Amino acid sequence: QLQLVESGGGLVQSGGSLRLSCTASGAALDLFAIGWFRQVPGKPREGVSCLDNRAEFIAFARSVKGRFTISRDNAKNTVTLQMNNLKPEDTGVYYCAAVVSHYCSLDPSYDYWGQGTQVTVSS
């Protein structure tokens with residue numbers, strides 16, 4: 001059973017940076033596409049970025065394109081979301097998710113989810 005743990009969240013000022021990590025255990029990550037999602041109370045979960053199992057296909061939400069990057073290290077079972085030039089509207093709980101796939105989607109149709117990490121961007 002794949003388990004995912006997010007880390008790296010915190011409080012940062014507008015314009016700052018954070019690096020989120022998603023670390024997997026229980027299975028090799030190289031079969032899985034990984035997605036990052038965020039959620040604020042009262043709103044649906046929003047897809048932020050994703051990459052397929054070989055990092056050949058990558059997608060970003062329009063709101064973060066040019067500011068966020070995503071990468072994976074299958075040897076370390078880790079996927080990283082680098083977030084630069086953060087804005088207050090980036091505030092939310094960030095989740096990583098996994099699905100066995102050679103493709104990825106920003107739709108939250110993933111089979112495995114972490115518990116989330118809080119990101120707060122102050123103005």
Side-chain angles (χ1 to χ4, degrees):
Q1 181 81 0
L2 183 71
Q3 294 183 325
L4 303 172
V5 176
E6 302 93 340
S7 61
L11 173 64
V12 64
Q13 289 188 332
S14 182
S17 298
L18 284 174
R19 177 177 294 182
L20 304 185
S21 293
C22 174
T23 302
S25 61
L29 203 56
D30 58 359
L31 294 177
F32 294 86
I34 301 295
W36 281 97
F37 297 82
R38 65 188 180 194
Q39 191 167 24
V40 295
K43 292 189 177 181
R45 198 163 289 189
E46 174 193 15
V48 174
S49 182
C50 71
L51 76 173
D52 71 359
N53 65 319
R54 290 172 288 193
E56 293 176 344
F57 178 85
I58 294 176
F60 293 96
R62 187 174 300 178
S63 59
V64 306
K65 210 166 188 178
R67 301 187 296 122
F68 290 13
T69 58
I70 188 170
S71 61
R72 65 189 298 156
D73 185 338
N74 287 340
K76 296 182 178 179
N77 261 16
T78 299
V79 174
T80 299
L81 183 70
Q82 177 67 42
M83 307 187 296
N84 298 325
N85 190 21
L86 283 161
K87 304 176 180 181
E89 52 264 41
D90 294 318
T91 294
V93 178
Y94 281 69
Y95 300 89
C96 67
V99 63
V100 175
S101 178
H102 296 303
Y103 177 72
C104 78
S105 168
L106 296 181
D107 181 82
S109 53
Y110 286 67
D111 295 326
Y112 303 94
W113 291 83
Q115 293 300 306
T117 185
Q118 177 71 45
V119 171
T120 303
V121 185
S122 63
S123 58

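The first residue of the sequence shown is numbered 1, and numbering continues consecutively from there. Being a predicted model, the structure only gives us computed values, none of them experimental.
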[X] side chain to [Y] backbone, donor-acceptor under 3.5 Å:
X	Y	answer
Thr78	Lys76	yes
Asn77	Leu29	yes
Ser14	Lys87	no
Gln3	Gly26	no
Glu6	Gln115	yes
Arg72	Ala33	no

With sequence neighbours left out, write down each residue that passes ring pair (Phe, Tyr, Trp, His ring centres under 6.0 Å) with Phe37, or none if nothing qualifies.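 Partners of Phe37 under the ring pair (Phe, Tyr, Trp, His ring centres under 6.0 Å) test: Tyr110, Trp113.
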Validation row: [X], [Y] side chains within 4.5 angstrom (heavy atoms):
X	Y	result
Met83	Val119	yes
Leu81	Ser49	yes
Phe32	Asn53	no

Pairs flagged by ring pair (Phe, Tyr, Trp, His ring centres under 6.0 Å) wherever residues 42-64 is involved - sequence neighbours left out: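 For residues 42-64: Phe57-Tyr103.
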Please list all pairs passing the side-chain hydrogen bond (donor to acceptor under 3.5 Å, both in side chains) test where one or both residues lie in residues 26-44, with sequence neighbours left out.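 Matches after skipping sequence neighbours: Arg38-Glu46, Arg38-Ser63, Arg38-Asp90, Arg38-Tyr94, Gln39-Arg45.
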Is it true that atom CD of Glu56 has more than 12 heavy atoms of other residues, nucleotides or ligands lying nearer than 6.0 Å?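 Correct, the count exceeds 12.
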